[in-house]
S.K.: 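Structure incoming, see below.
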Number of protein chains: 2
Amino acid sequence: MEKLERILVEHKIRVTSIRLMVLKHIMAQNRAFTLADMEASLETVERSTLFRTLTLFLLHGILHEVDNGCGSKLYCLCAGNEQGVFLNHVHFTCYRCGRTYCIKDIDAMPALTPKGFAVEEVSCVMKGICPDCQ
Amino acid sequence: MEKLERILVEHKIRVTSIRLMVLKHIMAQNRAFTLADMEASLETVERSTLFRTLTLFLLHGILHEVDNGCGSKLYCLCAGNEQGVFLNHVHFTCYRCGRTYCIKDIDAMPALTPKGFAVEEVSCVMKGICPDCQ
DNA sequence: TATTTCGTGCAAGCGGGTTGCAAAAAAACT
DNA sequence: AGTTTTTTTGCAACCCGCTTGCACGAAATA
C-alpha cells in the first residue's frame with residue numbers, strides 16, 4: 001500500500017482518488033492553505049468536494065485550522081501523527097508573501113495567564129516578515 | 001460639552017446623534033462586540049451606517065479590532081487614550097457566554113519568538129471559561 | 001446480484017461585510 | 001437669511017467565502 005493510502009486508512013478515512021490527490025497536494029507543501037488555494041491547484045475538483053474533503057481531514061486530525069484574521073480559513077497539516085500535541089502552537093503570517101507557517105517548537109501560551117479565567121485553548125498568530133522575504 | 005462629545009472631538013470626528021449613540025453604547029459595556037451586536041442594540045440605525053461609524057472609530061483609534069476566529073469581526077474599545085499601547089494584548093473568548101474580553105495587563109508575545117522571523121504584531125486569543133461562567 | 005451506504009458535482013443559499021447612489025442634514029459661504 | 005458645498009445617512013444591491021440540498025453514480029455490503 002502506498003504511503004498516502006496508509007495515512008488515510010490509519011485515520012479511518014476511505015480511500016478515493018480525489019482524497020489521495022488532495023492529501024498528496026497538502027503534503028507537498030509545508031504551509032497553511034485556504035480552500036481557494038486548493039481549488040486553484042486542483043482545478044478539476046469541485047469546490048464543495050474539496051471543502052468536504054478538508055472538513056473530513058480536519059475531523060480526523062490530519063489537518064488543523066488556523067485563523068489569521070484575513071477572512072479565509074486556513075488549513076494546516078498536523079505534524080507527525082501526534083494529534084493534539086500542537087494544539088497551542090504559534091502561526092506566523094508574512095506581510096510580504098502572505099504565507100502562513102506553523103511554528104511548531106514555540107508554545108502559544110503567554111508567560112502570564114489571566115486571573116480568574118480558565119484557559120483551555122490558545123490561538124496565537126504572529127505577523128511580520130518571514131526569513132524568505134527578508 | 002458632554003464627555004462623549006469631547007471624546008469625538010478629541011479624535012477629530014464630527015459629532016452626530018448617531019455617533020453619540022454608538023459611542024455611548026460602546027462605553028456602557030466593557031467587552032468586544034460585533035457589528036451584528038450593535039445592530040441589535042441600536043435597531044433604529046441602519047447596518048451600513050453602523051458599519052461606517054465603527055470603521056471611522058477604528059480609523060481614529062477609538063476602537064481596535066479583534067479576530068477570535070468565530071467568523072465575525074469584533075470591535076473593542078481602546079483603553080484610555082493611549083493608542084497603540086495595547087496593540088499586542090491578549091483577548092479571551094468564553095465558550096459559555098461567548099463574550100470576548102480584553103486582557104489588558106498581559107502581553108501577547110510568547111516567551112520565545114521564532115528564529116529568522118521578524119515579528120511585528122501578535123494576535124493572541126485565549127478560549128475557555130470566564131470568571132462569570134465558572 | 002440486490003441493497004444499502006458513501007462520494008461527488010451542480011446549483012443554490014446564507015451570513016457577514018462592503019459599496020454606489022440619492023436624499024437629508026450640516027457646514028461654509030455669500 | 002439664502003445659496004452652495006460638503007457630510008452623513010438609509011436603502012438597495014452586491015461580493016466573497018463558506019456551506020448545504022439534492023440527485024446521480026460509485027463503492028461496499030448483504
Side-chain angles (χ1 to χ4, degrees), chain A residues 1 4-5 7-9 11-26 32-60 62-76 93 98 100, chain B residues 1-2 4-5 7-9 11-26 32-60 62-76 93 98 100 125:
Chain A
M1 198 188 289
L4 292 174
E5 294 189 23
I7 293 176
L8 291 182
V9 171
H11 285 87
K12 313 225 159 104
I13 294 173
R14 289 214 190 139
V15 177
T16 72
S17 60
I18 287 183
R19 287 174 182 169
L20 287 173
M21 280 170 65
V22 172
L23 184 57
K24 183 177 179 185
H25 196 78
I26 292 171
F33 57 90
T34 62
L35 176 56
D37 290 339
M38 190 54 67
E39 212 186 342
S41 308
L42 301 180
E43 288 180 352
T44 57
V45 186
E46 235 285 316
R47 152 168 273 207
S48 61
T49 302
L50 290 174
F51 170 72
R52 285 189 265 236
T53 304
L54 296 178
T55 303
L56 191 72
F57 286 6
L58 267 187
L59 211 65
H60 285 81
I62 294 182
L63 296 175
H64 63 278
E65 223 168 342
V66 191
D67 194 308
N68 70 350
C70 291
S72 269
K73 272 189 193 168
L74 288 164
Y75 301 88
C76 192
T93 300
T100 294
Chain B
M1 197 189 289
E2 301 272 337
L4 292 174
E5 295 188 23
I7 294 177
L8 291 182
V9 171
H11 285 86
K12 313 223 159 110
I13 295 173
R14 289 218 188 134
V15 178
T16 70
S17 60
I18 287 182
R19 286 174 186 168
L20 286 172
M21 280 170 64
V22 172
L23 184 57
K24 183 177 178 183
H25 196 78
I26 291 171
F33 58 89
T34 63
L35 175 58
D37 291 338
M38 191 53 67
E39 212 185 343
S41 308
L42 301 181
E43 287 181 352
T44 58
V45 187
E46 236 285 317
R47 164 178 217 112
S48 61
T49 302
L50 291 174
F51 170 71
R52 285 189 266 234
T53 304
L54 296 178
T55 304
L56 191 70
F57 286 6
L58 267 187
L59 212 63
H60 286 80
I62 293 182
L63 296 175
H64 63 278
E65 223 168 343
V66 191
D67 194 308
N68 71 350
C70 291
S72 271
K73 273 189 192 170
L74 287 165
Y75 301 89
C76 192
T93 301
T100 294
V125 180

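In what follows, chains carry the letters A, B, and so on, assigned in the order in which the sequence lines appear, proteins first and then strands, with residues in each chain numbered from 1. In this text the structure is predicted, and so the values were computed from the model without any measurement.
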S.K.: Kindly indicate whether the side chain of B/T100, heavy atoms from C-beta on, has any atom under 4.5 Å from the side chain of B/V125.
M.R.: no

S.K.: Report yes if at least one side-chain N or O of A/S72 is closer than 4.0 Å to OP1 or OP2 of D/dC16; otherwise report no.
M.R.: no

S.K.: Base, sugar-phosphate, or nothing: which does B/R14 touch, judged by heavy atoms less than 4.0 Å apart?
M.R.: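 The residue B/R14 makes sugar-phosphate contact but no base contact.
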
S.K.: Would you give the length of the straight line joining atom CD1 of A/I13 to atom CD of A/E5, rounded to the nearest 0.5 angstrom?
M.R.: 13.0 Å

S.K.: Nearest heavy atom decides the nucleotide; on that basis, is A/F51 or B/V45 closer to the 5' end of DNA chain D?
M.R.: B/V45

S.K.: Kindly indicate whether the side chain of B/S48 and the base of D/dC11 share any N or O donor-acceptor pair separated by less than 3.5 Å?
M.R.: yes

S.K.: Return the value, rounded to whole Å, for the distance between atom NE2 of B/H60 and atom P of D/dT7.
M.R.: 12 Å

S.K.: Are the side chains of B/F57 and B/V22 in touch, meaning some heavy atoms are under 4.5 Å apart?
M.R.: yes

S.K.: Nearest of D/dC18, C/dG9, C/dT19 to any side-chain atom of A/R52?
M.R.: C/dG9

S.K.: If I take atom OH in residue B/Y75 and atom C1' in nucleotide C/dT18, what distance separates them, rounded to the nearest angstrom?
M.R.: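 B/Y75 atom OH is separated from C/dT18 atom C1' by 10 Å.
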
S.K.: Kindly compute the distance separating CG (B/L42) from OG1 (B/T53), expressed to the nearest 0.5 Å.
M.R.: 9.5 Å

S.K.: Could you give the CZ-to-C1' distance, from B/R47 to D/dC14, as a whole number of Å?
M.R.: 13 Å

S.K.: Could you say whether B/T34 or B/T16 is positioned toward the 5' end of DNA chain C, judged by the nucleotide with the nearest heavy atom to each?
M.R.: B/T34

S.K.: At 4.0 Å (heavy atoms only), tell me whether A/R19 reaches a base, stays on the sugar-phosphate, or touches nothing.
M.R.: sugar-phosphate

S.K.: Rounded to whole angstrom units, what separation is found between the CD atom of B/E46 and the C1' atom of C/dG17?
M.R.: 13 Å

S.K.: Calculate the interatomic distance between B/L58 atom CG and C/dG17 atom P; express it in whole Å.
M.R.: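 Checked: the CG to P distance equals 12 Å.
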
S.K.: Find the distance A/M38:CE to D/dG17:P and express it as a whole number of Å.
M.R.: 16 Å

S.K.: At under 4.0 Å, does any side-chain N or O of A/K73 touch on OP1 or OP2 of D/dC16?
M.R.: no

S.K.: Measure from CG on A/D37 to C1' on D/dC18 and round the result to the nearest Å.
M.R.: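 Spelled out: CG on A/D37 to C1' on D/dC18 is 15 Å.
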
S.K.: Taking the side chain as every heavy atom from C-beta outward, state whether A/L8 and A/I62 have any pair of such atoms under 4.5 Å apart.
M.R.: yes

S.K.: May I have the distance from A/L54 (atom CG) to D/dG17 (atom P), rounded to whole angstrom?
M.R.: 15 Å

